Amino acid sequence: MTIGSQIAWDDTVLPFQLDRSDIRGRVARLDGTLDQVLSKHDYPPAVEALVAEMALLTALIGQTIKLRWKLSLQVRGDGPVRLIATDYYGPTESGQSARIRAYASYDKEADLSGEPFDLVGKGYFAILIDQGQGMTPYQGITPLAGDSLKACAETYFAQSEQLPTRFELTFGRSRVPGQGETWRAGGVMLQHMPKASPHVTGEGGSGEEGLLSASDIVDGDEGENWTRANMLLDTVEAMELVGPQVQPTDLLVRLFHEESPRVYDGQPVTFGCTCSKERVRTSLSIYSAKDIATMTTEEGIVTADCQFCGAHYELDPRTLGFEAEEAPDDGEGA
């Protein structure tokens with residue numbers, strides 16, 4: 001694999017379909033994008049790992065949303081890691097890059113030396129889709145289940161969407177000879193095509209706490225196809241997922257050549273945050289002058305920091321809230 005082809009596949013999601021098995025999927029590679037996501041914060045190693053896994057899941061899942069839509073993943077728990085949140089913004093026009101951002105909220109005084117997923121505790125996994133102005137956002141929630149974020153995502157799709165789904169992921173710091181250490185991540189997502197009549201049961205599923213799993217949804221020939229595709233995916237190696245030696249197209253042929261894989265146009269992904277001073281101002285427009293006064297520092301300014309990208313904003317309190325005394329100055333603040 002040449003340097004040129006490596007760069008071409010970095011920060012890309014490649015959709016594909018297995019025609020023989022009626023299964024669709026995506027292959028994702030994150031390189032510079034993941035580095036940018038994590039470089040905005042000084043996370044402990046366990047928290048970094050959780051954010052990296054969540055960002056990779058978001059890239060794989062988000063590729064299916066339409067132009068200008070927004071997909072958000074959230075994990076909330078009662079452990080030291082209280083929240084992991086990611087956003088995926090569909091490109092505004094065909095051919096453009098999608099944008100992704102992520103952050104985590106955690107107890108800085110807690111012991112964070114255990115297994116990363118154990119630090120989340122009990123809680124829920126949620127997917128939210130914003131289809132744009134005038135449309136009601138979609139939200140689906142399932143309890144946290146399994147021993148990883150990818151297991152939670154698999155449970156979500158089985159329980160909430162009635163779609164058998166499998167993720168195989170790997171991520172971590174790597175070093176290419178002659179270059180510095182960087183984050184790399186790669187993964188494959190398999191998903192059975194939707195049924196015309198989804199599975200319905202009043203007895204619960206075979207998963208944790210009676211939640212549905214893939215085996216509860218597919219049977220007969222569909223079950224055999226699903227099992228066969230998963231057995232093939234079981235043979236994948238970590239270095240094949242993250243590259244850079246193996247191109248995604250070559251990986252699909254190696255894994256699924258008997259399943260008649262068909263690839264579609266890849267989707268480039270980049271880091272992108274939507275925060276701005278105007279958005280901060282809009283979020284504060286519901287507050288009175290009295291409320292704004294409680295937010296004002298001794299220096300006479302109102303400050304705000306973006307949790308995703310770390311941007312810092314300073315605003316004149318006289319220009320804020322629904323009782324603003326002055327119009328905002330475009331050059332105001334930092």
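Just so we're clear, the structure is a prediction, and the values are computed from it rather than from any experiment. Positions are given from 1, in the same order as the sequence printed here.
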Enclosure of R82 CZ (heavy-atom neighbours >12, cutoff 6.0 Å):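 Count over threshold, so yes.
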
Does Y287 have more than 12 heavy atoms from other residues, nucleotides or ligands lying within 6.0 Å of its OH?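 Count not over threshold, so no.
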
Under a 4.5 Å cut-off applied to non-hydrogen side-chain atoms, are [X] and [Y] in contact?
X: I129; Y: W69; answer: yes
X: R281; Y: L320; answer: yes
X: L212; Y: Q162; answer: yes

Between [X] and [Y], is there a donor-acceptor pair closer than 3.5 Å when you use the side chain of the first and the backbone of the second?
X: N230; Y: T227; result: no
X: T12; Y: D10; result: yes
X: D11; Y: G32; result: yes
X: S160; Y: F157; result: no
X: T297; Y: I301; result: yes
X: S21; Y: L18; result: no
X: R318; Y: E325; result: no
X: T319; Y: L315; result: no
X: R99; Y: Y89; result: no
X: E259; Y: F256; result: no

Side-chain atoms of residues 136-144: list all donor-acceptor pairs with protein atoms under 3.5 Å, sequence neighbours left out, distances to 0.1 Å.
{"unit_1": "Y138", "atom_1": "OH", "unit_2": "Y156", "atom_2": "OH", "d": "3.1"}
{"unit_1": "Y138", "atom_1": "OH", "unit_2": "E161", "atom_2": "OE2", "d": "2.4"}

Quick one: closest heavy-atom pair of L34 and A52, and the distance?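 Shortest heavy-atom contact: CD1-CA, 3.9 Å.
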
Given L163 and R24, is the side chain to side chain contact (heavy atoms under 4.5 Å, CB included) satisfied, shown in steps? CA-CA 11 Å; L163 291 176; R24 62 188 176 188; 3.9 Å; yes

Does L128 belong to the same Ile/Leu/Val/Met/Phe/Trp/Tyr cluster as L73, with side-chain heavy atoms less than 4.5 Å apart forming each link?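 Looking at the clustering, L73 is in a separate group from L128.
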
Hydrophobic cluster membership, Y124 vs F117, 4.5 Å side-chain cutoff: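 They do not share one cluster, since no chain of ILVMFWY contacts under 4.5 Å joins Y124 to F117.
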
Which residues pass the salt bridge (Lys or Arg N to Asp or Glu O under 4.0 Å) test with [X], sequence neighbours left out?
X: D234; answer: R166
X: K150; answer: E168
X: E240; answer: R254
X: D19; answer: R262

I need the T170 OG1 to L56 CG distance, nearest 0.5 Å.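 Going from the OG1 atom of T170 to the CG atom of L56 covers 9.0 Å.
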
Of all residues at least two apart in sequence or in a different chain, which pass the side-chain hydrogen bond (donor to acceptor under 3.5 Å, both in side chains) check with [X]?
X: Q307; answer: Y103
X: D291; answer: S288
X: D87; answer: S72, R101
X: E323; answer: none

Take Q247 and D250, measure what side chain to side chain contact (heavy atoms under 4.5 Å, CB included) needs, and give me the verdict at the end. CA-CA 5 Å; Q247 297 186 48; D250 294 340; 3.9 Å; yes

In chain order, what residues pass the side-chain contact (heavy atoms from CB on, under 4.5 Å) check against [X], with sequence neighbours excluded?
X: T155; answer: A145, L211
X: A153; answer: L57, F125, F167
X: V37; answer: V51, A102, F271

